[in-house]
Undergrad: 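Structure below; questions to follow.
Letters A, B, ... are given to chains in the order of the sequence lines, protein chains preceding strands, and every chain is numbered from 1.
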Amino acid sequence: MNIELSDQEQYRRQSLTELRNLGIEPYPAALYPTNAFSTDIKSNFDENNPQRMEVCVAGRIMSRRIMGKASFVELQDAKGRIQIYITRDDINTEAQPEMYNTVFKKLLDIGDFIGIKGYVFRTQTGEISVHAKELTVLSKSLRPLPIVKYKDGVAYDAFDDPEQRYRQRYVDLVVNEGVKDIFLKRTKVYQSMREFFNTRGYVEVETPILQPIPGGAAARPFITHHNALDMPLYLRIADELYLKRLIVGGFEGVYEFSKNFRNEGMDRTHNPEFTAMEIYVAYKDYFWMMDFTEQMIEKICLDVNGTTEVQVGDKTISLKTPYKRISMIDAIKENTGIDIEGMDENDLRKVCEDLQIDVDETMGKGKLIDKLFGEKCEANYVQPTFITDYPLEMSPLCKRHRNNPELTERFELLVNGKELANAYSELNDPIDQLERFQEQLRLSEKGDDEAMFIDMDFVRALEYGMPPTSGMGIGMDRLVMLLTGQQAIQEVLLFPLMKPEKVQKVDTKEKFMELDIPEAWAEVLQKMGIKQVDQLKDLNPNKLHQDICGFNKKNKLALTNPSKEEVSQWIDNAAKK
RNA sequence: GAUCUAGUAGCUCAGCCGGUAGAGCACAUCCCUUUUAAGGAUGGGGUCCUGGGUUCGAAUCCCAGCUGGAUCACCA
């Protein structure tokens with residue numbers, strides 16, 4: 001028996017063998033003809049119909065209540081749970097007379113998949129259940145699931161360690177109520193957004209994830225290497241520049257759900273890979289895009305939640321249109337009382353210092369204003385608000401404001417004090433674009449490691465001419481967080497990035513035995529945590545001798561203790577390896 | 001990256017001033033035909049995260065590390 005397995009795992013493996021001995025394959029190949037889901041059975045049940053509803057269901061055993069010759073099983077399928085009533089005389093067959101007492105009661109466990117054919121009825125306590133007439137083993141589970149019980153929506157013994165939940169999301173999905181719902185809603189958000197774009201005739205496209213120049217955003221990229229071309233490649237940080245090339249190419253509107261990768265810190269709102277949606281529409285400006293964005297969000301919220309209100313923590317947020325619109329300068333005035341209109345870099349630095357905001361020499365005018373806004377204003381916009389007209393310097397891909405050359409035609413949509421969407425009237429003047437890129441290069445030389453690279457092909461595309469265009473990007477993960485009331489991005493990503501689990505290498509018993517260690521003692525060493533023969537060579541022979549003799553005594557193994565000389569010979573043998 | 005905090009049975013957790021490790025669920029054995037966080041009785045199960053140190057003695061105290069979480073920093 002494998003010493004690495006817990007007793008429960010060993011029992012389950014034993015049951016597996018016994019099932020096979022009884023002629024029952026625990027992992028059958030044939031399809032199982034299910035014709036009903038738990039939730040549908042419950043909602044379609046009609047007590048007054050004298051005709052029994054025959055069903056065939058399949059799922060995982062989540063709990064068992066065994067009462068002698070009769071038992072109740074909670075079966076969980078993709079949509080929910082249904083109770084199964086099983087009696088000995090109903091499921092035993094001539095071919096398998098031990099179906100109830102041995103197979104069901106002894107060899108099946110919580111977590112196993114079974115199929116049930118039977119009819120729907122209501123028990124004396126009123127629960128709609130399936131009366132089993134036939135039980136089929138569909139898949140044996142060798143690891144015990146965490147047992148989570150629910151009563152009146154309260155979870156008992158919830159499986160709630162975030163590390164285990166994210167690493168073993170499959171377990172989280174099986175045992176924790178509501179986790180699957182978040183991901184079903186995530187899919188609905190995508191469906192709803194696609195529908196919104198598709199009905200307007202915009203085209204979903206795919207653009208490169210491996211890029212020679214990571215453009216379209218200010219962020220540190222992941223770098224990788226292409227062997228055949230012997231050149232560096234970057235994982236995309238945004239798809240903006242590619243989508244605009246498509247507008248140059250003559251598409252009216254294009255959009256993409258873009259997996260982006262940014263080599264930055266991780267926390268409850270940042271995962272190294274995340275999904276943004278970006279859309280670009282020709283002949284529009286950012287005013288049009290504000291209308292478009294708020295309509296889109298309202299629609300998605302209604303489709304997903306059936307209401308325009310969402311609850312995030314203790315805040316209720318209304319996503320009903322129209323949303324407040326305020327310029328960045330007015331927002332700063334509104335929150336700090338300071339009018340920064342017309343200030344130069346030095347004035348702004350002084351304002352920041354007066355407000356005790358950390359600033360440094362590498363920050364240009366744009367970054368200073370951004371920082372000022374971020375520190376003093378952003379968190380105050382809980383209800384959806386469009387902040388408009390950002391400083392030129394921090395928006396190198398955005399068109400200059402039609403009335404003020406210091407500003408750009410840009411907005412961000414803030415909800416719950418955080419950026420949700422970002423949009424421009426896109427810069428389509430190729431000469432201005434090149435100058436802005438060059439300004440970014442100067443910032444980069446000044447020490448701003450997020451300043452953008454110059455993408456000359458993108459400039460060349462603009463030189464062929466891009467129609468006036470408005471573009472918008474929205475963080476899909478953040479949107480799903482908002483619509484599901486989650487406070488951590490890890491809760492809306494099926495598999496958030498985690499540091500790799502450390503798995504200790506385990507040498508086989510035989511490897512220990514090669515060192516002239518008797519089999520019984522090899523097992524003892526492994527049980528004591530010496531999993532690899534390499535570990536032996538650094539040990540003190542006296543201490544090891546005492547330890548293993550002590551282990552023998554403590555665990556009443558009744559083994560004959562080896563001599564000190566034998567033990568030190570083991571260690572010598574290990575050192576020679 | 002910094003600070004704080006946590007890691008004990010398959011799961012959720014107790015375990016104070018250092019003295020042979022506990023509970024509930026799960027599991028095993030036996031009894032029991034309609035129960036529902038569902039029966040009853042009995043029982044098995046632990047590298048107390050890892051490695052050092054202090055001590056006669058460490059799950060407990062100290063140091064370092066690993067892995068989470070929170071806060072901050074960073075961050076379109």
Undergrad: Hey, is A:R12 close enough to A:E9 for a salt bridge, meaning N to O under 4.0 Å?
TA: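 The answer is no: the pair does not qualify as a salt bridge.
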
Undergrad: Run the salt-bridge test on A:E406 and A:K365 with the 4.0 Å N-O cut-off and return the result as yes or no.
TA: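 Answer for the salt bridge query: yes.
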
Undergrad: Inspect the contact between A:D90 and A:K133 and indicate whether a charged nitrogen and a carboxylate oxygen are less than 4.0 angstrom apart.
TA: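 Not counted as a salt bridge, because no side-chain N and carboxylate O are separated by less than 4.0 Å.
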
Undergrad: Consider the side chain of A:S6, meaning its heavy atoms from C-beta on, and name the nucleotide among B:U35, B:G10, B:U67 that approaches it most closely.
TA: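 Of the options given, the side chain of A:S6 lies nearest B:G10.
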
Undergrad: Please tabulate the protein-to-nucleotide N/O contacts below 3.5 Å involving nucleotides 23-28 of chain B, giving atom names and distances.
TA:
unit_1: B:G24; atom_1: N2; unit_2: A:D157; atom_2: OD2; d: 3.4
unit_1: B:C25; atom_1: O3'; unit_2: A:K149; atom_2: NZ; d: 3.0
unit_1: B:A26; atom_1: OP1; unit_2: A:K149; atom_2: NZ; d: 3.4
unit_1: B:A26; atom_1: N3; unit_2: A:Q8; atom_2: NE2; d: 3.0
unit_1: B:C27; atom_1: O4'; unit_2: A:Q8; atom_2: OE1; d: 3.4

Undergrad: Does A:Q164 reach a base, just sugar-phosphate, or nothing at all? Heavy atoms under 4.0 Å.
TA: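 If one applies the 4.0 Å heavy-atom cut-off, A:Q164 turns out to touch the sugar-phosphate alone, with no base involved.
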
Undergrad: Do NZ/NE/NH1/NH2 and the carboxylate oxygens of A:D172 and A:R169 come within less than 4.0 Å?
TA: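 Yes, this pair counts.
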
Undergrad: If you look at every strand shown and take non-hydrogen atoms under 4.0 Å, does A:Y85 touch a base, only sugar-phosphate, or nothing?
TA: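 Base: the residue A:Y85, judged by heavy atoms under 4.0 Å, touches a nucleobase.
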
Undergrad: Would a line drawn from the ring center of A:Y85 to the ring center of A:F72 be shorter than 6.0 Å?
TA: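 That pair passes the under 6.0 Å test.
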
Undergrad: Give the nucleotide from the list B:U12, B:G69, B:A76 with an atom nearest to the side chain of A:D160.
TA: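 Within the option list, the nearest is B:U12.
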
Undergrad: Taking CG from A:D161 and P from B:C13, how many angstroms apart are they, rounded to a whole number?
TA: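 Rounded to the whole Å, the gap is 8 Å.
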
Undergrad: Would a distance-only check, ignoring hydrogens and angles, find a side-chain to backbone donor-acceptor pair under 3.5 Å from A:Q490 to A:P496?
TA: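 Not at all, since once roles are kept as given, no pair shorter than 3.5 Å links the two residues.
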
Undergrad: Base, sugar-phosphate or nothing for A:F159? Non-hydrogen atoms, less than 4.0 Å.
TA: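 If one applies the 4.0 Å heavy-atom cut-off, A:F159 turns out to touch the sugar-phosphate alone, with no base involved.
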
Undergrad: Could you tell me whether A:A238 contacts a base, only the sugar-phosphate backbone, or nothing, with contacts defined as non-hydrogen atoms closer than 4.0 Å?
TA: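 No contact.
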
Undergrad: B:A76, B:U35, B:C72: which one has an atom nearest the side-chain heavy atoms of A:R262?
TA: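 Selected nucleotide: B:A76.
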
Undergrad: Let me know the distance between CE of A:M266 and P of B:U71, rounded to the nearest Å.
TA: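 In whole Å, B:U71 P and A:M266 CE are 15 Å from each other.
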
Undergrad: With sugar-phosphate meaning primed atoms plus P, OP1 and OP2, does A:K418 contact a base, only sugar-phosphate, or nothing at under 4.0 Å between heavy atoms?
TA: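 A:K418: no heavy atom of the nucleic acid under 4.0 Å.
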
Undergrad: Is a side-chain donor or acceptor of A:R143 paired with a backbone partner of A:Q8 at a separation under 3.5 angstrom?
TA: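 No, A:R143 side chain to A:Q8 backbone: no donor-acceptor pair under 3.5 Å.
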
Undergrad: Between P on B:G44 and CD on A:Q10, what's the gap in Å once rounded to a whole number?
TA: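 Atom-to-atom, A:Q10 to B:G44, this comes out as 17 Å.
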
Undergrad: Closest approach to the side chain of A:M67, judged atom by atom: which nucleotide of B:A37, B:U35, B:C75 is it?
TA: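 Per side-chain heavy atoms of A:M67, the pick is B:U35.
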
Undergrad: Send over the distance from A:D267 CG to B:A73 C1', rounded to a whole Å.
TA: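 In whole Å, B:A73 C1' and A:D267 CG are 10 Å from each other.
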
